[in-house]
Amino acid sequence: MKYVITLLLLSISLITVAQPVVYQGFEVDSAAEPRGGMPLLNTFLQANLRKPVAAEAAGTGGRVILAGVVQPDGRMADVSVVKGIRPDLDREAIRVFSLYNAWKPAKKGGSAVRQAVTLPITFPRNEPFAYQNGAKARYFDADSKPVSDSTQARFKQVTPVDSAGLPAGDMVVYEKSGNKWRENNRLPLARNKEAYWSRTRGWIDELGCQNADRQWEGMVVGVDDQNRRVRESFYQNGKRVGDQFRYHDNGSVAEKNELTNGKKLITSWYPTGQIEQVKTSSSEPFTLQSTPDQVTALWDSAGVMLVDNGNGLSIRQDMVKSLQDTAVYTLFTEKGRYENGFKQGNWSGRYADGSFLYDETYDKGICRGGTATRKGAKPEPYDVLEQAPVFPGGMEGLGRFLSDNLRYPVTAQKAGIEGKVFISFVVCTDGTLCDYEVIKPVHPDVDKEALRVVKRMSGKWTPGVQRGKKVRVKYNLPINFSLY
């Protein structure tokens, strides 16, 4: 028995000795640092930090100091709190710091080694607000301007949220009447099923509160089938305000969209936290007359800067579904030059398995033509990169068609029923319509009439086109029934 114990202790001793060394910054030849420097790390942290609801309600702020180990492959490991503020803020600091895996590792003797690092994570203080029973309460004066003193408020907005900050119930607006609060308006919590498709996350639902016209109000979150954030926006009076976010599968921010002075500043990141691109875009929907996106800077996934101050050669790679077998992913590579922020000259795209390739010519960001080749098919030339489905006469023609064909059901008129019916449908590649769905009903009679008229449009559309090939496009159409 003693012999066995001796061997066991020897084994444990050997394992302990084999543990990798973790160096301090002063012990290495070159210290670990974020790719691109601290400013890029700070940009990532600012975009990803979400103050927990309870801490936000209390207005708490301060610095959490973390320790971690940068691995030889640039990943972060063993993150712990050196100095904390409160448990929920400490957990959030650890979550975000652990997501940043875009480090340039330390070097010693010509080899990458592990190095310990410390970093302060700052949570700014904010104006406190009431938070009870899982609901935020905000107060407004008679002009609907925010006020911090509830005794001076005319209106109170109560918004239920869960522990992750997601909408969790109807938004209710109360108006003060004497010393009592009386319900003035209720915006029901809505979950739009399968609002859009994500290549990596599948069908995405949209979750948020809507007014009577089915316009979003407050926070709206796109979630996958596991209720994880995919996209997040904030709406006021039916219009998007503030920043918009898109998320990677691992929970880190993939894209931050800031709207300022009529322009969108869009910053995107790789799943590792490595910054990918900074560009500006028009805040208006894209048309053939719109100014294309203008790229300021671009990095590859290893942190190499490809485009600086709008100029450089871009080589982008991504895994995409093969066109010859949609159950298989293949490497997609796109190559071309940017000049003054715009695509210029010849650009090409290739699927590694040969199922798809294209060559295009650009002038100041505008595609002037190209040729796409799908495996087993003839090359398809095109003059326009993509084109949305079009009803004869455009939006005006669509409006005239609805006006000429819509019949207000007599039963609904007598009952005083009115409102907007939202119909979802797909414009197929031959101009016919399919996959009809009433996504916001008003009343069975008017819903039936709206669906009847939409079906009459089948076959009249010019289908959508992408790189010379007709494609299916989903549409959501509001049809208004009004007695006045």
Side-chain angles (χ1 to χ4, degrees), residues 158-160 166-173 183-198 202-225 227 230-231 233 235-240 388-389 391 395 397-428 432-461 472-484:
V158 177
T159 308
L166 297 178
D170 295 353
M171 179 190 297
V172 183
V173 178
E183 184 173 323
N184 176 276
N185 188 24
R186 179 178 291 266
L187 285 73
L189 179 68
R191 186 171 186 131
N192 284 356
K193 291 284 189 178
E194 300 183 354
Y196 57 94
W197 174 263
S198 167
W203 281 108
I204 305 303
D205 297 348
E206 285 186 317
L207 182 67
C209 294
Q210 295 182 334
N211 60 25
D213 291 328
R214 206 173 181 273
Q215 293 178 317
W216 294 114
E217 190 70 27
M219 180 187 291
V220 179
V221 184
V223 294
D224 62 14
D225 58 2
N227 229 39
V230 177
R231 194 168 64 186
S233 307
Y235 286 79
Q236 192 171 31
N237 299 323
K239 293 183 179 180
R240 185 173 72 82
F391 189 80
M395 293 304 296
L398 178 58
R400 285 194 301 270
F401 179 88
L402 294 175
S403 179
D404 292 342
N405 289 274
L406 202 62
R407 301 290 180 262
Y408 213 126
V410 175
T411 53
Q413 292 184 52
K414 289 181 178 179
I417 295 168
E418 55 184 350
K420 286 184 181 178
V421 181
F422 283 73
I423 305 291
S424 170
F425 57 91
V426 171
V427 181
C428 301
T432 60
L433 306 184
C434 62
D435 297 345
Y436 305 96
E437 183 183 2
V438 179
I439 58 175
K440 181 184 179 288
V442 170
H443 181 274
D445 291 344
V446 293
D447 300 345
K448 183 178 179 181
E449 173 61 13
L451 189 58
R452 180 191 69 82
V453 172
V454 168
K455 288 183 176 181
R456 288 201 64 184
M457 296 190 295
S458 183
K460 301 180 185 297
W461 289 73
R472 289 161 50 96
V473 179
K474 188 174 183 178
Y475 247 82
N476 291 332
L477 181 67
I479 299 177
N480 190 39
F481 289 85
S482 176
L483 295 169
Y484 303 99

Return the minimal non-hydrogen interatomic distance between N480 and L406, and the atom names on each side. O-CD2, 4.1 Å
Measuring from atom CD of E437 to atom CG of L451, what distance do you get when rounded to the nearest 0.5 angstrom? 10.5 Å
Step by step, work out the side chain to side chain contact (heavy atoms under 4.5 Å, CB included) result for V421 and V438. CA-CA 7 Å; V421 181; V438 179; 4.0 Å; yes
Taking atom CZ of R456 as the centre, does the number of heavy atoms from other residues, nucleotides or ligands within less than 6.0 Å exceed 12? no
Atom CG in L433, atom CH2 in W461: separation rounded to 0.5 Å? 7.0 Å
For D170 versus L189, what's the shortest heavy-atom pair and its separation? OD1-N, 2.8 Å
In Å and rounded to the nearest 0.5 Å, what is the CG to CH2 distance from L207 to W216? 7.0 Å
Can a donor-acceptor pair be found, under 3.5 Å and without considering hydrogens, that links the side chain of D205 to the backbone of V223? no
Nearest heavy atoms of D445 and P409, plus distance in Å: O-CG, 3.6 Å
Quick one: does E217's side chain get under 4.5 Å of Q236's, heavy atoms only? yes
Name the orientation class of the two ring planes belonging to F425 and Y475 (parallel below 30°, tilted from 30 to 60°, perpendicular beyond 60°). parallel
When rounded to the nearest 0.5 Å, the distance separating NZ of K420 from CG of L477 is 10.5 Å
How many angstroms lie between CG in N405 and CD in E449, if you round to the nearest 0.5 Å? 9.0 Å
Side chain E206, main chain N192, donor-acceptor under 3.5 Å: no
Rounding to 0.5 Å, atoms NZ (K440) and CG (N476) come to a distance of 13.0 Å
For the residue pair Y235 and V220, what are the closest heavy atoms and their distance? CD1-CG2, 3.6 Å
Centre of Y436's six-membered ring, under 6.0 Å away, within 45 degrees of the axis: is that where NZ or CZ of K455 sits? yes
Which heavy atom of M457 sits nearest a heavy atom of L398, and at what distance? SD-CD1, 3.3 Å
Walk me through whether D435 and R472 qualify under side chain to side chain contact (heavy atoms under 4.5 Å, CB included). CA-CA 11 Å; D435 297 345; R472 289 161 50 96; 3.0 Å; yes
What one should report as the nearest heavy-atom pair of C428 and C434 is SG-SG, 2.7 Å
